[in-house]
Amino acid sequence: MCFLPPVSQDARSPTESYFMWLWHSRLYLYSAAAHLLIPYSNLSRCLDRKQETKEVHVSGVKIFYGSQTGTAKGFANELSEEVKSLGLPAEVIDMKDYDPDDQLADECISKSVCVFLVATYTDGQPTENAEWFCKWLEEASTDFRYGKTYLKGLRYAVFGLGNSVYVGHYNTVCKNVDKWLWMLSGRRIMTRGEGDCNVVKSLNGSIQADFLTWKVKFLNRLKTLAKGEKKSCSGKCKTEGSCKNKRKERQEEEKKASPQNNSSEDDLVESSSDEDESGLPDEKKTVLDVEDLGNIMNSVKKAKLSKLNGVQKIEDEGERREMITPALREALTKQGYKLIGSHSGVKLCRWTKSMLRGRGGCYKHTFYGIESHRCMETTPSLACANKCVFCWRHHTNPVGTEWRWKMDPAEKILEDALEKHQNMIRQFRGVPGVKPDRYEEGLAVKHCALSLVGEPIMYPEINNFIRLLHHHQISSFLVTNAQFPQEIRSLVPVTQLYVSVDASTQDSLKKIDRPLFKDFWPRFLDSLKALGEKKQRTVYRLTLVKSWNVEEMQAYSELIALGQPDFIEVKGVTYCGESSASSLTMANVPWHQEVVTFVQQLADMLPEYEIACEHEHSNCLLIAHTKFKMDGEWWTWIDYERFQELIQAYDESGGQQTFSALDYVAKTPSWALFGAQEQGFDPAETRFQRRNKSKDISGC
């Protein structure tokens, strides 16, 4: 056996020596690594545990809306985008698609914030999509089976959409929702907001501006909640004086932010911020000392007086707001209105376009001899005192019971109306089918229909406006909704004065016209009496809505006896398409034969009236007083030149030289009479039948 000589330690390579050292020192190395890794591991676990247990203060925002015309829904979508921009989830919920009985209690533990954007509809009722939600909430708030703490832990905010013109019903729904949630121990995160469609009394000039102001405050409050707000003070802190001062300052800020909540002692109690309430024991929340109640009422009275004085001061200084807000201007412009100044408008009627082409005129052409291509449809007041279910403007116009806006001079309104109307006529120059002679005639306005939209008689300078029309040799056809009897009595003579009689009983009128005045029925009757006092031509305009007002025959005859109008126009309602502002459908539009039957039955009940004319294309008939039937022939048309002579003499004599409706009549052509083969279509025109095209529903 052969043995190798041992290798000496000095003969080993450096690499071998290094590995040998590592091998012999391995225990020390393992021990050092363990001492380093254990603290690191513990630190990592602590950090991970802290990350896992980090509290989420706001899991998301749920935005509920109750909307009739779509405004609240639009606000909800707008707020949703703003919340998402903060990095928080947001969900928009239609109240009709939400079951509060099964789901609302879950919001108390989900750490979400619920926002309620609710509009107030007719008579202070919720909108159709919010009816069930509000009904359930009201019942739950007083049902002992749910208990007073059923919604404890629910964080919510409320913004209402209303119109202060409706006295007694202003933002009723949002106030109730706020109250009912509070009664179930829900926690307000901020003071209730109330938007006002009435631009005169809106705190910020429009409901859009009211919502914007509230939205900014809500988003700021939401940011605070998301960061984790501090626990409310219990009132037992050592720096008691400082604490009270802070709470007092916060209460004053809330009052300034929402002065409408100062309307009553109930509102003061119910709308107080839960930031203050949460620090009080539950049993003390509803306790109020009698002396404190007296102080609260004194503050309320002072606040009301201060507010009234402020409004009066603004009006005295002539700083009234404009009727047309930016949002309203945009909406009306999209509908084809040419807006004038701050409260007027003009629009080209479909019959004006039709007669420019020689395709027939409107029913006024058939009944009264108007040249439709020379008629200007305008209004000096876009505001109205009703919100009729069949309004073809879909309630985009403002509402009001009196003039509270800035006022433009009558001269400027007429000048701009004529200019804008002529500009619209000029757009038809060279259009195929437009007759050159009709085009030239159309540039010279001969008639003015004050029936575009709104209530023209509300305009304080309406008499001056009418005089200016007559001075320009323009006839005047004014329509009023029978809510301003004194204005009717003080109105100067017009060519023809209309009153809309949309229903014959108090209940049906309230249902159809939805008037703003509480005393709408006495006003309505007095307006009919005022119409009967006029000496010039007067007209009742009846709009038949199937299943709504066609069965009130006897009541209609009594109203006709009250006002004794010269003429009664009966027209089937025009369907203007689907609208969230109205529940009408095509089923409510009567057929022409149904209108004829109604008119025949009504005429049989009126001893001094007969059916005179018909315009089948407009689904309209005319009942006339028999004094216009001379020697067996009807004289329902108007001698417009004779009227201008009479009104000039009237003005020059200071109203001493009066005249009557029979002083400016003209013979009705045979084709316009009821029963004629033409059914009211002028044989000089060319009948044009539209095929596969939507019907143009604009115009009078």
Under a 4.0 Å N-O cut-off, is there an ion pair linking Lys627 with Asp566?
yes
So, are Arg438 and Glu685 salt-bridged, with charged N and O less than 4.0 Å apart?
yes
Do Glu614 and His592 have side-chain atoms, one donor and one acceptor, less than 3.5 Å apart?
yes
From His373 atom NE2 to Leu443 atom CG, the distance as rounded to the nearest 0.5 Å:
10.0 Å
Any heavy-atom pair between the side chains of Val173 and Gln125 that's under 4.5 Å?
no
Compare all side-chain heavy atoms of Trp637 with those of Phe367 and state whether any distance is below 4.5 angstrom.
no
I want to check something: taking the side chain as every heavy atom from C-beta on, are Gln679 and Phe674 in contact at a cut-off of under 4.5 Å?
no
Hey, mind stepping through Asp416 and Lys338 against salt bridge (charged side-chain N to carboxylate O under 4.0 Å, His left out) and telling me if it holds?
CA-CA 10 Å; Asp416 288 356; Lys338 304 300 179 183; over 6 Å; no
What do the steps show when you test Asp94 against Lys96 for salt bridge (charged side-chain N to carboxylate O under 4.0 Å, His left out), and what is the final call?
CA-CA 5 Å; Asp94 188 334; Lys96 68 179 174 60; 3.7 Å; yes
In short, Gln564 meets Ala561 closest at the heavy-atom pair NE2-O, 3.4 Å
Say whether Glu128 and Tyr121, considering side chains only, have a donor N or O and an acceptor N or O under 3.5 Å apart.
no
Please step through side chain to side chain contact (heavy atoms under 4.5 Å, CB included) for the pair Ile568 and Leu622, ending with a clear verdict.
CA-CA 6 Å; Ile568 306 162; Leu622 179 70; over 6 Å; no
Between CE on residue Met458 and CG on residue Asn481, distance to nearest 0.5 Å:
10.5 Å
Start with the C-alpha distance between Lys629 and Glu633, add both sets of side-chain angles, then the distance that settles salt bridge (charged side-chain N to carboxylate O under 4.0 Å, His left out), and finish with yes or no.
CA-CA 5 Å; Lys629 193 173 187 180; Glu633 296 181 320; over 6 Å; no
In Å, rounded to the nearest 0.5 Å, how long is the span from CD1 of Ile462 to CG of Leu478?
5.5 Å
Do Val479 and Pro456 come within less than 4.5 Å of each other through their side chains, counting heavy atoms only?
no
Tell me whether Asp639 contacts the main-chain N or O of Arg642 through its side chain, where contact means a donor paired with an acceptor under 3.5 Å.
yes
Got a salt bridge between Asp682 and Arg687, using NZ or NE/NH1/NH2 to carboxylate O under 4.0 Å?
no
Taking Ser500 for the side chain and Arg541 for the main chain, is one N or O donor matched with an acceptor at less than 3.5 Å?
no
Keeping Ser372 on the side-chain end and Trp351 on the backbone end, is there a donor-acceptor pair under 3.5 Å?
no
If we count only N and O atoms by modelled type, under 3.5 Å, do the side chains of His470 and Gln644 hold a donor and an acceptor together?
no
Note, Arg489 side chain near Lys529 side chain (heavy atom, < 4.5 Å)
yes
Got more than 12 heavy atoms from elsewhere within 6.0 Å of CD, Glu533?
yes
Treating Gln536 as the side-chain partner and Phe659 as the backbone partner, does any N or O pair qualify as donor plus acceptor under 3.5 Å?
yes
Looking at Phe477, Tyr540, Phe628, Trp635, which one forms a ring pair (Phe, Tyr, Trp, His ring centres under 6.0 Å) with Phe567?
Phe628
Test your reading of the model: is there a side-chain donor-acceptor pair from Asp526 to the backbone of Pro485, 3.5 Å cut-off?
no
Is there a donor-acceptor contact under 3.5 Å linking the side chains of Glu569 and Tyr498?
yes
Show your reasoning for whether side chain to side chain donor-acceptor pair (under 3.5 Å) applies to His169 and Thr120.
CA-CA 8 Å; His169 300 308; Thr120 299; over 6 Å; no
Flag the pair Ser527 / Thr480 as yes when at least one side-chain heavy-atom distance between them is below 4.5 Å, and no otherwise.
no
For the CG atom of Leu339 and the CG atom of Leu382, what is their distance to the nearest 0.5 Å?
6.5 Å
dist Gln506:CD -> Lys511:NZ (nearest 0.5 Å) comes out at 15.0 Å
Could you tell me whether the side chain of Arg374 and the main chain of Ala444 form a donor-acceptor pair under 3.5 Å?
yes
Nearest 0.5 Å, what's the OG-CD distance between Ser381 and Glu461?
12.5 Å
Which is it for Arg514 and Lys510 under the side chain to side chain contact (heavy atoms under 4.5 Å, CB included) test, yes or no, and what are the steps along the way?
CA-CA 5 Å; Arg514 295 189 292 182; Lys510 182 178 181 179; over 6 Å; no
Verdict with reasoning, Arg523 to Glu487, per salt bridge (charged side-chain N to carboxylate O under 4.0 Å, His left out):
CA-CA 11 Å; Arg523 283 177 169 271; Glu487 285 76 4; 5.6 Å; no
What I'd like to find out is whether the side chain of Tyr368 reaches to under 4.5 Å of the side chain of Val539, using heavy atoms alone.
yes
Would you indicate whether Arg426, at its atom CZ, is surrounded by more than 12 heavy atoms from other residues, nucleotides or ligands within a distance under 6.0 Å?
yes
